[in-house]
Amino acid sequence: AADKVFLNPHYFSKLFKETTGKTFLEYLTEVRLDAACRLLSSGKDKVYEIAEETGFGNKVNLTRAFKKYLYMTPSEYRVRQVRVPQSE
């Protein structure tokens with residue numbers, strides 16, 4: 001990312017943290033988790049496919065991030081997103 005904006009990586013990291021309050025890696029993980037949550041909610045893709053698609057690389061890395069930031073596994077998240085239809 002620093003190369004894309006023609007900055008020294010250390011300086012880029014410093015500016016990013018001062019501006020956003022988080023490290024670039026924390027921000028990137030947050031963006032990737034948001035994307036993974038959307039895909040999990042849709043219920044179409046398998047967890048390993050979502051991991052690859054969102055930049056986590058594999059299911060283990062995605063699961064590790066979910067546990068660290070959301071305190072559950074991707075599969076548990078998916079189950080919690082299922083909406084029970086209300087009968088009228």
Side-chain angles (χ1 to χ4, degrees):
D3 287 343
K4 293 287 183 190
V5 292
F6 307 105
L7 291 174
N8 171 289
H10 179 72
Y11 185 63
F12 173 80
S13 294
K14 182 179 184 290
L15 283 178
F16 195 91
K17 175 88 176 197
E18 287 173 0
T19 304
T20 66
K22 11 183 141 177
T23 67
F24 182 72
L25 185 56
E26 289 169 336
Y27 173 78
L28 182 59
T29 300
E30 202 173 274
V31 169
R32 288 176 173 169
L33 280 171
D34 286 344
C37 287
R38 283 192 305 279
L39 291 169
L40 286 165
S41 295
S42 75
K44 296 176 186 173
D45 299 320
K46 298 185 182 316
V47 175
Y48 75 88
E49 294 170 330
I50 292 170
E52 291 172 3
E53 204 171 317
T54 55
F56 285 100
N58 59 52
K59 185 178 175 178
V60 172
N61 291 336
L62 176 62
T63 300
R64 188 177 296 130
F66 256 79
K67 286 181 177 179
K68 181 177 180 179
Y69 293 99
L70 302 174
Y71 308 106
M72 67 182 89
T73 67
S75 298
E76 290 168 336
Y77 179 86
R78 177 176 269 165
V79 168
R80 291 181 186 196
Q81 296 307 303
V82 174
R83 305 273 187 240
V84 177
Q86 294 182 6
S87 55
E88 295 181 31

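All values derive from a computational prediction rather than experimental measurement.
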Peer 1: List the steps, then state whether side-chain contact (heavy atoms from CB on, under 4.5 Å) holds for Tyr69 with Thr29.
Peer 2: CA-CA 9 Å; Tyr69 293 99; Thr29 300; 3.6 Å; yes
Peer 1: Between Asn61 (side chain only) and Phe56 (backbone N and O only), is there a donor and an acceptor less than 3.5 Å apart?
Peer 2: yes
Peer 1: Measuring from atom OG1 of Thr73 to atom CZ of Arg64, what distance do you get when rounded to the nearest 0.5 angstrom?
Peer 2: 14.0 Å
Peer 1: Could you go through the side-chain contact (heavy atoms from CB on, under 4.5 Å) check for Glu52 and Asn58 one step at a time?
Peer 2: CA-CA 6 Å; Glu52 291 172 3; Asn58 59 52; over 6 Å; no
Peer 1: Does Val31 belong to the same Ile/Leu/Val/Met/Phe/Trp/Tyr cluster as Phe16, with side-chain heavy atoms less than 4.5 Å apart forming each link?
Peer 2: yes
Peer 1: Just verifying a value: how many Å separate Lys17 NZ and Lys22 NZ, rounded to the nearest 0.5 Å?
Peer 2: 10.5 Å
Peer 1: Mark yes when over 12 heavy atoms from residues, nucleotides or ligands other than Tyr27 sit less than 6.0 Å from its OH; otherwise mark no.
Peer 2: no
Peer 1: Once you round to the nearest 0.5 Å, how far does OG of Ser75 lie from NZ of Lys59?
Peer 2: 5.5 Å
Peer 1: What about Phe12 and Leu28, same hydrophobic cluster or not, with Ile/Leu/Val/Met/Phe/Trp/Tyr joined at side-chain heavy-atom distances under 4.5 Å?
Peer 2: yes
Peer 1: Which atoms form the tightest heavy-atom contact between Arg78 and Leu40, and what is the distance?
Peer 2: NE-O, 3.1 Å
Peer 1: Treat each ILVMFWY residue as a node, draw an edge where side-chain heavy atoms are under 4.5 Å apart, and state whether Phe6 and Tyr11 are in one component.
Peer 2: no
Peer 1: Taking atom OH of Tyr48 and atom OG1 of Thr63, what is their separation to the nearest 0.5 Å?
Peer 2: 14.0 Å
Peer 1: Judged by atom type as modelled, is there a donor-acceptor pair below 3.5 Å linking the side chain of Glu49 to the main-chain atoms of Lys46?
Peer 2: yes
Peer 1: Measuring from Arg38:CZ to Thr54:OG1, what's the distance to the nearest 0.5 Å?
Peer 2: 10.0 Å
Peer 1: Check whether any side-chain N or O of Ser42 sits under 3.5 Å from a backbone N or O of Leu39 as a donor-acceptor pair, and report yes or no.
Peer 2: yes
Peer 1: Between atom OG of Ser13 and atom CZ of Phe24, what is the distance when rounded to the nearest 0.5 Å?
Peer 2: 8.5 Å
Peer 1: Could you check whether Arg80 pairs with Glu76 (Lys NZ or Arg NE/NH1/NH2 to Asp/Glu carboxylate O, under 4.0 Å)?
Peer 2: no
